[in-house]
Structures are given as C-alpha cells and as structure tokens.
Amino acid sequence: MYHKTLHIALFGTTDEVTQAIRNKTPFRCFTHEVVAFPAFDEAAFTKCDIAIIDASTWQRTQDSALMPARDLSDLVARFTENHEDRFRAVVAIATKEQSAAWGEADLATITHLWTAPLTEAEASFQFEALQRAAQTRSDLLLSENYFNTLIDSMPSMVWVKRVDGTHMKVNDFFCSVVNKPKEDVVGQGHNYIWGLPPEDTESAAVCAESEQQAILAGETREFEEQVITDRGKRMLITYKTPLYDEDGSVMGTIGTANDITELDNLRFENSLLLDSLPLAVIVEDNDETITNINSTTEEYFQQKREDTVGMNFSAWRKIAFGEELARIREEYESAELFLDRGGVQRLMYMRKAPILDVFGNSTGQVRIYSDMTAQRELEQQALLNARTDYLTGLFNRRYFYEHLDDYDESLSVAIAIFDLDDFKRVNDTMGHAIGDHVLILVADVLSEVFPDSLVIRWGGDEFVVAMFDVESVEVVRERAQHALELFAARSSEPGEPWQIYGTAGIAFSSCVPNPIDPLVQRADSALYAAKEAGKGTVFVD
C-alpha cells in the first residue's frame, strides 16, 4: 500500500476553520502537514496539495477583492503542473456576496467553494469531503499503477477498447508490436494503429466481429486473427472479454493477444517434415485422441487427415485395420502386423514413443508404422541368394548343412552324388554358355526325378540328392539310374548341343547321422567306384 502526506496550506482562514482542519484525523495511509499563513503566500501555494484561501483576508491584505481567474490562474497552472495526476485542491472561502461577483472563469479556476461564515463543524464536514476525494484519488492511482505494471510486464499484447473500437489503453508490448508509442495509440482505431489505409475495412471488420461475439456471449472468447504489420502478416491468438459500466451496459472490451506466427511456422515446418517421411506417423494425446497424422498414414490406411484428427485411436483402428485385426491388436499389440487395404498387402512394423513436456511429464505418444514389405522381400531374396545356386536355382551346399536339423534324426537317409562325364570338354570346346545350359538341364531332370528330396548343386558339375525316410536303397538306385537315362535322352533331342552322360554314387544310413559328412564321403567313394566301372553307372556303397 501507499503512504501519502497531505500538505495543507491555510491562507488567512479563521480560527474555527484552522482548528477544525488541525483536529481532523487522517484517513488510512495518510498523514497531515497543516501550515497556517496570515496572508496569501505564492511559494507555499504552489508547493501544497490543498490550498484554502479566505477571500475576506485576501481583500484585507491585498487591498482588492479576490477574483480567482485574475489573481490565481497563473499560479493554479503551476500548481496543477507540479501535481500531475496526484490529488490537488484549491478551496476559496467566500461569502455569498463575494462569490456573486465571480464569473465562470473564476469558478473554473478553483476546485471547491466554501460559503462563509463557517462554523468549526461545517469546516470539519467540508474538509472530510476533501479527505475522501484525496483517498479515492490515491486509491485510483494505486490501482492504475498495479494494472499498468501488470500489463506492461506481460509478454502479450493487452488493450482496452470502447464499443466503437477506439483504444483507451494499451501495454508496452502492444506498442512494440505496432511500433508506435502509447500516446500515438490511445484514442485511435484499428487502421491507424496497424498502419492500414482508411479504405481497408476488412481487417477492422474481422476484429470488430470477434469483439461483438465476446460481447454477445457475455464471457471471454478465444479467436485466431491475422493482422498486417511492418514485419508482414502475423497470426494472433486473441482473448476478448466484455467490460461493463456501473449500470450493466457494455462499455467496451479488454483483450490480450499472443503472436503465434513463429509457432504456426514451426507447426507448418513440422507438417512438411512429417509429410516428407516415408513412415506413417500418428500423434495422440494422453486420452488417445489423435491430434495429427501425416500423408503417408493417409496413403497406407486410406483415411483422410480431416476425418482422423479428433478421433479416439481405438475407434480409428477399427476403421483403418478392420474389425478383426483391430480386435486382435486391442488385446495384444505386437510390433509386426500384416495390413490389407484396397487389395494392397503390407508387412508393417509399429513402434511407439512417449511425448514429454519440458518437465518430463507425458502429454501423449506417437505411433510410427514402417512398411517393411520391400525390406523383408529383399532380406528373403538375399537369404535365398545365399542358400541357392544362382545358375540352376537349386539349393547350395550351405543350405544343405544349415537345414539338416529340420529333419527327424530317426529317419533313414540316402545320399546320391551325381557327376557329369567329360563335362570339362563341354566348356573347353563349346564355351561356358553351353556348359551352363547343360547344368540347367541336369538340374531340371534331378528336380523332376526327385521331387520329394533335397536336390543340391554341390559345386562344378557335381549334384547331391538327399532322400529322407527311404523305403529301400534299391528305390534310390532305380531313381538315380532313371535320372542318368534322362540326362542322355533329353540332351539328345533335336537342338541340344551336347550329349550328356553321368555317373552316380549312393550311400545309405538307417538314421540321419550327426555329423553327416561321413555319409557324404561314403557316397563320394561310391561315385568314384561307379566312374571306374564305366559311364552311366550307379554304384551303391
């Protein structure tokens, strides 16, 4: 609270008036300093807060009747200038005959007229009115100081307007935005303040419309409004509240505004970033209400952004995923899922991450869906390439060893190794293209003859067939012999460049051995025995 000393100068007042004023108890927050002068004193007049002049004493000491406009106007001007907005009073005590000679200018020069003669009680009553006026003024200045300090400390635009749109008060931040001092803003309308030509009525109409909405609602309303400044267009979030007069009528509005242009720019940049991502992004708040999605999400799930934002995620998932998949994922939300939308199947990988504020509190979460279809296909192709022979498409030796564990060890197994006779001559005389053709023909024959077996290109012109759950070795031998016959028959057909002959060695085991290499070595030994026996021979170990 404030503390104020009222400096009271009494010029030629009667003892009753002087005593009455000296006896008055100061109001709260006030003290009195009362000085009585036998006659008028110019210096004391300009320095005091309350000047009380007795017209009869003036006439007796100045040899002329007191005429306030003539005698006091210059001093009152200095008196007023010294006090600025603080309380001040110039009181003339005059008889009815004395004041009857005063005109309007005389009465305008003083602030109060007390009719003489005054009793002590009357003087006390009159002075108490001055005390109340001084207190009211000081309280008002304090409230205004509080209000001005408050709004000037705010990093937001604050203004008070009349109903006609005239600005009655603005804060420092408002002035910094419009680049005008307060004295150049107060009393002005929208166009002048924002530097718009008088004929541009659109912006002012938008502003007036939002104020009218707040007045009609009878409460604070929030708006988004664009204004044009020397820095270009700015986007403002405004809050406008109606102001009421003593009789309940609306006298204007008070408003605040925050410049969210940079925030809007940041949102726009974030949207561009999100839309450039080859990932489906869904942003939710703590209630799982979707607050944003990107264009990839629209593409994958065939749901428009305007139809999605504001939906609960669970409700959206039923539409985007289908009832059955949504139900499954409601119970258990695995990282991987298969999505079928519009006839397009995608293998999706989903991961979630919390959204935290500056204090580490959760404000929501983001779900990111990656289309792993192409990557998984590439992985599978790379794995297939690593396990297969690029020329024939058969599995290779690596696949053979990696997948032996897929078979029951109690099963019987037969290993047949096939070798092409004189294959080196094919490459040397006909070239590698013909050699490749021959190898492909052999691979096709073996796949045909052993459809239920593991057919492998072992390397070069050697092929291995692994048969599991074999009925008898004789069955294996017969099929191997049939394969050799087909080598010769198919390669002798019209258009074939080279007659193919081969040999085969077979080894049998009643169970799948671990390791299997000894069984393969036995089949290899049988192959060499077959070669020694002659072309087109099958030998069983």
**Q** Could you pull out all residues at least two apart from Gln302 that satisfy side chain to side chain contact (heavy atoms under 4.5 Å, CB included)?
**A**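 Gln302 satisfies side chain to side chain contact (heavy atoms under 4.5 Å, CB included) with Arg341 only.
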
**Q** Can you find a pair of side-chain heavy atoms, one from Leu337 and one from Tyr369, that are under 4.5 Å apart?
**A**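 Side-chain contact under 4.5 Å: yes.
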
**Q** Taking atom types as modelled, find out whether Asn312 and Thr289 have a side-chain donor-acceptor pair closer than 3.5 angstrom.
**A**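 No pair is found: no donor N or O on one side chain lies under 3.5 Å from an acceptor on the other.
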
**Q** Are the charged groups of Arg60 and Asp54 less than 4.0 angstrom apart, N to O?
**A**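 Judged by the 4.0 Å cut-off on N to carboxylate O distance, Arg60 and Asp54 do not form a salt bridge.
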
**Q** Can you confirm whether Glu199 is buried at CD, in the sense that more than 12 heavy atoms of other residues, nucleotides or ligands lie under 6.0 Å from that atom?
**A**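 Yes, the 6.0 Å shell around CD holds more than 12 heavy atoms from other groups.
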
**Q** Ignoring hydrogens and angles, write down the donor-acceptor pairs under 3.5 Å from the side chains of residues 355-364, residues two or more places apart or on other chains.
**A**
from, atom 1, to, atom 2, distance (Å)
Asp357, OD1, Phe359, N, 2.9
Asp357, OD1, Gly360, N, 3.0
Asp357, OD1, Asn361, N, 2.8
Ser362, OG, Asn286, OD1, 3.1
Thr363, OG1, Ile355, O, 3.2

**Q** Does a donor on one side chain sit under 3.5 Å from an acceptor on the other, for Asp139 and Tyr2?
**A**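 Per modelled atom types, Asp139 and Tyr2 side chains form a pair under 3.5 Å.
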
**Q** Flag the pair Glu306 / Thr308 as yes when at least one side-chain heavy-atom distance between them is below 4.5 Å, and no otherwise.
**A**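 No; the side chains remain at least 4.5 Å from each other.
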
**Q** Could you check whether atom OH of Tyr401 has more than 12 heavy atoms from other residues, nucleotides or ligands sitting under 6.0 Å from it?
**A**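 Yes.
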
**Q** Between Arg70 and Asp106, is there a salt bridge with N-O shorter than 4.0 Å?
**A**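 Result for this pair is no, no salt bridge flagged.
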
**Q** Test of understanding: with salt bridge (Lys or Arg N to Asp or Glu O under 4.0 Å), list the residues that count as partners of Asp307, not counting sequence neighbours.
**A**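 So Asp307 forms no salt bridge (Lys or Arg N to Asp or Glu O under 4.0 Å) with any residue.
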
**Q** Against the six-membered ring of Phe79, is Arg88 placed for a cation-pi contact (under 6.0 Å from the centre, within 45° of the normal)?
**A**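 No; the conditions do not both hold, so Arg88 does not lie above the ring face of Phe79.
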
**Q** Return yes if a side-chain donor-acceptor contact under 3.5 Å exists between Gln19 and Glu120, otherwise no.
**A**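 There is no such pair (donor and acceptor under 3.5 Å, judged by atom type) between the side chains of Gln19 and Glu120.
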
**Q** Determine the interplanar angle of the Phe11 and Phe37 rings, folded into 0 to 90°, and report it as parallel if under 30°, tilted if 30 to 60°, perpendicular if over 60°.
**A**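 Taking Phe37 first and then Phe11, their aromatic rings lie parallel (interplane angle under 30°).
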
**Q** Once side chain to side chain contact (heavy atoms under 4.5 Å, CB included) is applied, do any residues pair with Ala39, and if so which ones, sequence neighbours excluded?
**A**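 Residues passing side chain to side chain contact (heavy atoms under 4.5 Å, CB included) with Ala39: Thr61.
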
**Q** Do the side chains of Lys161 and Met168 get nearer than 4.5 Å, heavy atoms only?
**A**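 Met168 does not reach Lys161 side chain to side chain.
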
**Q** If only side-chain N and O atoms count, and only distance matters, is there a donor-acceptor pair under 3.5 Å linking Asp247 with Ser249?
**A**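 A donor-acceptor contact under 3.5 Å links the two side chains.
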
**Q** Regarding Arg387 and Glu402, does a basic nitrogen lie under 4.0 Å from an acidic carboxylate oxygen?
**A**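 Yes, Arg387 and Glu402 are salt-bridged.
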
**Q** Among Glu225, Glu224, Arg221, which one satisfies side chain to side chain donor-acceptor pair (under 3.5 Å) with Thr238?
**A**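 Only one option passes, and that is Glu225.
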
**Q** Are any non-hydrogen side-chain atoms of Phe174 and Ile193 less than 4.5 angstrom apart?
**A**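 Heavy-atom side-chain distance check passes, below 4.5 Å.
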
**Q** Can Asp49 and Arg137 be counted as an ion pair, charged N to O under 4.0 angstrom?
**A**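 Here Asp49 does not pair with Arg137 in a salt bridge, since their nearest N and O are not under 4.0 Å apart.
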
**Q** Measure the acute angle between the ring planes of Trp194 and His190, then classify it against the limits of 30° and 60° as parallel, tilted or perpendicular.
**A**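 Aromatic pair Trp194/His190 classed tilted.
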
**Q** Return each pair, listed once, that meets salt bridge (charged side-chain N to carboxylate O under 4.0 Å, His left out) where at least one residue sits in residues 74-85; pairs must be two or more places apart or across chains.
**A**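 Sorted result for residues 74-85: empty, none.
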
**Q** Name each donor-acceptor pair under 3.5 Å that joins a side chain in residues 318-328 to protein atoms two or more places apart or in another chain, with its distance.
**A**
from, atom 1, to, atom 2, distance (Å)
Glu324, OE2, Arg327, NH2, 2.6
Arg327, NH1, Glu331, OE2, 3.4

**Q** Are a donor atom and an acceptor atom from the side chains of Gln188 and His167 found within less than 3.5 Å of each other?
**A**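 Not at all, the side chains of Gln188 and His167 share no donor-acceptor pair under 3.5 Å.
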
**Q** Does Asp41 come within less than 4.0 Å of Lys47, counting only side-chain N to carboxylate O?
**A**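 No.
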
**Q** Show the nearest heavy-atom pair for residues Asp287 and Asp285, with the distance to one decimal.
**A**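 Shortest heavy-atom contact: N-OD1, 2.9 Å.
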
**Q** State whether Phe87 and Lys4 meet the cation-pi test: NZ (Lys) or CZ (Arg) under 6.0 Å from the six-membered ring centroid, and within 45° of the perpendicular axis.
**A**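 Pair Lys4/Phe87 does not count as cation-pi.
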
**Q** With a 4.5 Å limit on heavy-atom distance, are the side chains of Thr296 and Leu277 in contact?
**A**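 Not touching, per the 4.5 Å side-chain cut-off.
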
**Q** Heavy atoms only: give me the nearest Thr373-Gln345 pair and the separation to one decimal.
**A**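 What the structure gives for the nearest pair is OG1-O, 4.1 Å.
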
